[in-house]
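Everything below concerns the one structure shown next.
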Amino acid sequence: MAPPRRSSACFGARLPETSSSYCRTWAKTDTILFLMEHYVDQWKSIVAAHLNALAEGKGLADLQFSPGKIIAERPPKPELGDIGFPMFPYAKPFRMAPAQIALEIARRGGGGAGGDGARDWPGDLKAVGPYLNVFLDRGRAVEYLLAHSKEDSWGSSPSLEGRRVMVEFSCPNTNKPLHLGHLRNNVLGESLARITAAAGAEVKKVNLINDRGIHICKSMLAYLTYGENRSPEDEGLKSDHFVGKYYVLFNKLAEEDPQAEQKAQELLQKWEAGDPEVIALWKKMNDWAIKGIMATYRRQQVSFDEFQFEHDTYKLGREEVLDGLARGVFYRGEDGAIWIDLEDLGLGKKVLLRKDGTSIYITQDIGTAIMRHETWPFDELVYVVASEQQYHFKVLFEVLRRLGYAWAANLYHLSYGLVNLPSGRMKTREGTVVDADDLIDELARLAAQEIVEKGRAEAVGDIQSVAEKIALGALHYYLLQISPNKDMLYNPEQSLSFTGDTGPYIQYMGARANSILRKYEQGEGNAAQGTADAALLASGADWPLVRLLMELPSTVEQSARGRDPSILAGYAHAVASEFSAWYRDNPVLSNDDANLSASRIALVRAVQATLRRACGLLCVPFLEAM
RNA sequence: GCGUUCGUAGCUCAGCUGGAUAGAGCGACGGACUUCGAAUCCGUAGGCCGCAGGUUCGAGUCCUGCCGGACGCACCA
C-alpha cells in the first residue's frame, strides 16, 4: 500500500471486551473563566498587596509578592467560595501556619469595607482553613452573564486578537474516499479553527490536496486495466468511491501482473513528463475523486478558505534546499544526495533532496511552508496531522529554523492518535476500512429509527434532516471529546446514546431549553407578568449554573491556547448536565413567583446561548427540537 | 536497539501553570413519570492513579530508572 501523504493509518486493531461509554467530566476542575480572569487578576493583586503589607508589618521588607506569582484555584465546592488562594507557599517565609496567614489577611481585608473588594468584581475575602477564599458578589455576576450571553459574540474573547493563525488539515489523497481517520482530522481542524477564531485570532483554513504521486498512478493503472472507460454513473457509485474501488483493484492487478508496480512507476514518469494522455486520465480521475471528497466535506460541514494542490506545490522547496547547501546549513553526502545532520538533537540524519535532484516529501513541505508565509504572513501555522508523523514535523521545523526563518518557531504539529473500532481491525488492503460516507449514513439511519421508536416523528418534523444532525453531533462530539494526542476507540452505538457524555445528550438539553422558551413565547406560565431580577438568581439553587455558564469565554480561550477542543467538549457536557439537574428542581414556567419565573427565563436563555455557541464551536448541530 | 507518546474505577475517558476528601459516563444494583418532553433524573457499590526511587510543606501532576501498549526510525508519502 502506498502510504497516504498525510492523514491516514488511523486504524489499529483492538477489540474491547465489552461495549462501553465515554465521557469526561467538568465537575472538579473547571477553569477560571475569561471574564473571571479579570476578577482573578484583580483579586490576585489584592492578595499580593495584603501579603506585602503583612510582610512589612512583620519587618520582612525584603519579601515581595507580585500578583503574577500568586496561585489561584477553584474551590471544590461552591460553599467554599468562588476563588481559592492556598496559603501554603507563604508559611515558610512568614514562619506562620497557612491557616493563620489566611485568617490574618481575611481580618485585614475582609468585607471590602476599606475599598478592598475588586473594583469590577466585588466580593468578600474569607479564611477557609489554610485557604484564603473569595466569595463573589453574585448579583453582580448574574447581571454580567445575562447581559453578555445575549450578544452574538458570547463566548468570544480578545486573547488572540491580532494574531493570524493558519490551520492545515484534512489533506486527503485523491485515490480513495475519506474514512473514519479523516473524520477525526477534519473535525479537529474545523473545530480548532472555529475556537481559535472565537478567541480573537484571524484564522485561515488550508487544505493541501495530495493529487499526484504513485498512489494515484496505481488507481489509474487499475482503471486502465479493468475500467473499460466506465464512469462513476455507469457503476452507480459516488465518484470518489469509484476511484477508490480501482485503487483497491490495483492489489488484484499486482497479483496477476508482476510488472504492475513498475508500470505504475512508468505512468508516474509519463505524468511528470507531461504526457497528454496520462494527464487527461489523471485529470479525469482526480476530478472524480475530488468531487466526491468535496461532497463529504459539505456533509460533514467542514470548509476551507484555500485549497492547495500538490501538483502545484510538489516542486517547491528545491531552491531553498540548494540555497541551504550553498550556505553550509546542509551538506552533500558521498551518495550525492543533500542531507541535514540533526544528530545533536537526537534526530539523526535526514535526506532533503535526492541525488538526482528531485524532491521528496519533506522538500515540498519546506517550500510550501515558505510559500504560505510569503503569501499570508502568519503568526502561527498549525498542522493537523496524525501522530505517526511526529518525526517528520520535528525535522521539518528544525530545517526551516536552520534556514533562518524566525517564524519556524511558530509552527505547531497538532498530533492526533489513531481511531480504533470495536469491530476490529480495518485495512485498506482488505477493503475493511470504515468509509466516512457509509458511517454517517449508518448513524443517520439509526438516529431516524430512534426518532420513530420514541414517537418523536411528529414533533421533529423533517426526520431525515434531524437524524442527519444527530448523526453529525454524535460523531463529532465523540471524536472531539478525547484529547487529540490519544489513540481512541470509536463506538458508533455508544456515540448515539442520548444518555451520558455524548453529542445527542447535549443536543437534547439544548432542545429542552428551547422547548421551555418556546412555551414561554406561546404565553405559558406567568413569567410575562414578572420582571427579571438578577438578585433573584443569586440563591444556592441557581448560582452553580450561573457560575458554570460564566465560564464559557475562559473555556474557549483555554481550549484555543491548548489547541484542544476536548476541553470545550467537557465543558459543554457539564453545562448540559448542570442544566438538566437545575430545571428538574427549579420550576421555570410553573412558578408562583412571576418575577422569579421571569428571571429564570432569562437564565434559560443564557443556557441556550451557551450551549448553542459551544455546539457551534464543536461542529455539533444545535437542534430546536428532537 | 534508538526516539516519541500513552498507562487513573469492570469498560471508555477527565483531572488548567504541583495544592482542600482522586472525578464523569457507561455497565452493575436500587429508585423516580396525574407536575416545564422519563430520548431524562436521583441513589449505591467500585480506584496502593503501571512499578520503584527522588524533588517538595504538599506529587495522578515534576525528575530518574524499570515494566507494558501504540507509533516512528526510506533518496515513500
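Note on naming: letters A, B, ... go to the chains in the order of the sequence lines (proteins, then strands), and numbering restarts at 1 for each one.
Under 3.5 Å, the side chains of Y490(A) and S495(A) contain a donor-acceptor pair of N or O atoms. S483(A) and N485(A) share no donor-acceptor pair across their side chains, judged by distance under 3.5 Å alone. No side-chain donor from either of H215(A) and N210(A) sits under 3.5 Å from a side-chain acceptor of the other. A side-chain donor-acceptor contact under 3.5 Å links N286(A) and T174(A).
As a whole-Å value, the separation of M626(A) CE from rA38(B) P is 14 Å. The interatomic distance linking N133(A) (CG) with rA20(B) (P) rounds to 12 Å, in whole Å. The distance between atom CG of L568(A) and atom P of rC16(B), rounded to the nearest whole Å, is 17 Å.
One N or O donor and one acceptor, one from the side chain of D335(A) and one from the base of rC75(B), sit under 3.5 Å apart.
A sub-4.0 Å separation between OP1 or OP2 of rA38(B) and a side-chain N or O of R584(A) is absent. Taking side-chain N and O atoms only, T499(A) has no distance below 4.0 Å to OP1 or OP2 of rA39(B). Close to rC6(B), at under 4.0 Å from its OP1 or OP2, lies a side-chain N or O of N485(A). K349(A) has no side-chain polar atom (N or O) that falls below the 4.0 Å cut-off from OP1 or OP2 of rC73(B). Within the structure, every side-chain polar atom (N or O) of K454(A) is placed at least 4.0 Å from both OP1 and OP2 of rA38(B). Side-chain N/O atoms of S483(A) include one lying less than 4.0 angstrom from OP1 or OP2 on rA14(B). Checking the phosphate oxygens (OP1, OP2) of rC57(B), a side-chain nitrogen or oxygen of K92(A) falls inside 4.0 Å. Listed pair K486(A) / rG7(B) meets the phosphate criterion, a side-chain N or O lying under 4.0 Å from OP1 or OP2. Remark: S580(A) is in phosphate contact with rC41(B), judged by side-chain N or O atoms under 4.0 Å from OP1 or OP2. For Y505(A), a side-chain nitrogen or oxygen approaches OP1 or OP2 of rC41(B) to under 4.0 Å.
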Bracket string, RNA chain B, 5' to 3' - pairs by Watson-Crick or G-U geometry under 3.5 Å, | interstrand: (((((((..((((.....[...)))).(((((.......))))).....(((((..]....))))))))))))....
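In this structure, R212(A) satisfies the cation-pi test against Y314(A), with its NZ or CZ atom closer than 6.0 Å to the six-membered ring centre and inside 45 degrees of the ring normal.
Within the 4.0 angstrom heavy-atom criterion, no nucleotide atom of any strand lies near D585(A).
By the 5.5 angstrom centroid cut-off and the 30-degree plane limit, Y131(A) is classified as stacked against the base of rA20(B).
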